[in-house]
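Below is one structure, written out as structure tokens; comments come after it.
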Amino acid sequence: LHEIVLYLKEKYHKEKIILLGHSWGSVLGSIYIKRHPENVLYYIGTGQVISFLRGERAGYEKAMEIALQKDDVKSQKKLESIAKYPYGKPDNFIKECTLLRSVQQKYHLAPSKMSYLPLMKAMVTSPIFQFSDLHAFFGAEKINSRLNTEIMDFDLEKESYEYSVPIYYVLGAADWQVPYVLAKDYFEKIDAPRKKLYMLKGSGHFTMEEKPKEFLEALLDIHANEQSR
């Protein structure tokens with residue numbers, strides 16, 4: 001990420017760049033702005049991860065809550081089979097996570113496979129993306145499995161709430177894959193030069209694909225806010 005930031009600064013002749021991180025990118029982004037605030041004009045987090053383990057647990061508990069409300073015995077049994085998730089055996093994490101996602105997708109708490117279609121279409125028709133980018137995208141899961149330990153240890157609550165750059169969160173109000181409730185609570189504690197929270201109703205984890213108009217409006221509002229300084 002640091003190499004990319006330096007490349008962008010040089011290419012566009014900028015002292016600082018705007019950094020937007022989504023999901024796993026919000027983990028990288030949050031770490032980066034702590035280490036290299038001198039390179040970032042402001043940060044936008046969406047699908048913002050606060051604590052990976054606590055987020056997974058919150059998503060589990062929400063799925064169980066709905067399964068009980070709907071008297072969905074089949075889903076209840078699935079969830080009961082991973083009752084300690086995600087604090088069970090690390091070797092079982094991928095299998096248990098996949099099981100949880102299947103229940104979350106059933107209740108529209110996490111993106112289904114169909115949710116990726118607009119993203120795939122955008123990538124295929126984009127003048128920017130190349131075949132090598134698509135190949136790398138589909139190979140990302142292999143990389144993710146190797147990063148499980150690092151991801152599981154991630155917890156912003158263990159660090160200072162102070163930031164040297166303005167912070168903006170654009171969250172999906174229906175996101176339970178990376179539960180928005182954790183990010184919303186954490187945001188209230190942030191001490192930054194400027195900050196603002198945007199909640200997109202009816203949007204889940206893929207805020208920019210699910211609510212492109214509202215997401216763009218949030219970005220334009222952030223830009224206007226920063227330009228006025």
Side-chain angles (χ1 to χ4, degrees), residues 1-59 86-87 90 93 97 136 140 143-173 175-200 205-208 215 218-229:
L1 176 58
H2 185 56
E3 292 296 324
I4 292 171
V5 169
L6 295 181
Y7 167 79
L8 293 173
K9 285 175 60 177
E10 181 178 357
K11 180 176 176 63
Y12 294 104
H13 309 291
K14 299 291 184 180
E15 290 185 12
K16 298 184 178 183
I17 60 118
I18 300 164
L19 192 61
L20 187 154
H22 171 250
S23 196
W24 163 236
S26 75
V27 173
L28 291 175
S30 297
I31 293 171
Y32 189 82
I33 58 177
K34 289 278 190 177
R35 295 182 181 176
H36 298 283
E38 71 280 359
N39 291 329
V40 180
L41 192 62
Y42 56 87
Y43 170 74
I44 304 170
T46 182
Q48 177 68 47
V49 180
I50 303 302
S51 167
F52 180 79
L53 291 177
R54 287 193 293 110
E56 288 297 314
R57 187 64 195 178
Y87 298 101
F93 175 76
C97 180
I143 299 172
N144 287 345
S145 64
R146 298 176 187 177
L147 294 172
N148 280 341
T149 301
E150 287 78 5
I151 295 172
M152 288 181 178
D153 289 341
F154 181 77
D155 191 342
L156 280 177
E157 297 276 8
K158 294 178 180 178
E159 300 187 25
S160 168
Y161 295 110
E162 294 184 9
Y163 288 88
S164 300
V165 303
I167 304 292
Y168 298 93
Y169 281 3
V170 184
L171 307 177
D175 185 1
W176 283 96
Q177 178 165 322
V178 176
Y180 75 91
V181 290
L182 269 69
K184 187 176 180 182
D185 289 345
Y186 175 82
F187 185 84
E188 297 301 321
K189 304 172 187 175
I190 289 175
D191 181 8
R194 290 176 295 283
K195 67 175 187 177
K196 188 172 181 179
L197 173 66
Y198 299 80
M199 296 297 305
L200 303 190
H205 191 54
F206 289 115
T207 48
M208 61 287 289
F215 191 81
L219 296 185
L220 292 174
D221 187 67
I222 292 169
H223 177 70
N225 186 46
E226 288 296 317
Q227 287 290 96
S228 66
R229 302 294 172 177

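Only heavy atoms go into these numbers, but all of them, side chains included; no hydrogens, no water, no symmetry mates.
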Flag side-chain contact, heavy atom, 4.5 Å: R194 against R229 | yes

Heavy-atom side-chain contact between K16 and K14 under 4.5 Å = no

For R35, enumerate each residue passing the side-chain contact (heavy atoms from CB on, under 4.5 Å) test, keeping only those at least two apart in sequence or located in another chain.
-> I31

Measure the spacing between CD1 of I17 and CG of L19 and express it to the nearest 0.5 Å.
-> 5.0 Å

Hey, could you give me the CG/NZ distance between N39 and K9, rounded to the nearest 0.5 Å?
-> 3.5 Å

Could you pull out all residues at least two apart from S228 that satisfy side-chain contact (heavy atoms from CB on, under 4.5 Å)?
-> N225

So, for Y163 and Y32, is the gap between ring centers shorter than 6.0 Å?
-> no

Enter the distance from L41:CG to I33:CD1 here, rounded to the nearest 0.5 Å.
-> 12.0 Å

Would you please name every residue forming a side chain to side chain donor-acceptor pair (under 3.5 Å) with H223, sequence neighbours left out?
-> none

For L219, all residues meeting side-chain contact (heavy atoms from CB on, under 4.5 Å), sequence neighbours excluded | L20, I44, F215

Taking 4.0 angstrom as the limit, do K189 and E157 come out as a salt bridge?
-> yes

Any side-chain heavy atom of P86 within less than 4.5 Å of one from R57?
-> yes

When rounded to the nearest 0.5 angstrom, what distance separates CD in E188 from NZ in K195?
-> 5.5 Å

Would you say the side chain of I222 lies within less than 4.5 Å of the side chain of V170, judging by non-hydrogen atoms?
-> yes

Kindly compute the distance separating CD (Q48) from OG (S30), expressed to the nearest 0.5 Å.
-> 4.0 Å

Ring centroid separation Y169 to F187 under 6.0 Å = yes

Any chance you could measure L28, atom CG, to H2, atom NE2, to the nearest 0.5 Å?
-> 14.0 Å

Using a 4.5 Å cut-off on heavy atoms from C-beta on, say whether the side chain of Y42 contacts that of I18.
-> yes

With sequence neighbours excluded, tell me which residues meet ring-ring contact (aromatic ring centres under 6.0 Å, His included) with Y161.
-> Y186

Is there a side-chain contact between Y198 and D221 (heavy atoms, below 4.5 Å)?
-> yes

Can you give me every donor-acceptor pair (side chain of residues 175-183, partner residue at least two apart or in another chain, under 3.5 Å) with its distance?
residue	atom	partner	partner atom	Å
D175	OD1	Q177	N	3.1
D175	OD1	V178	N	3.1
D175	OD2	H205	ND1	2.9

Note, L171 side chain near L200 side chain (heavy atom, < 4.5 Å) | no

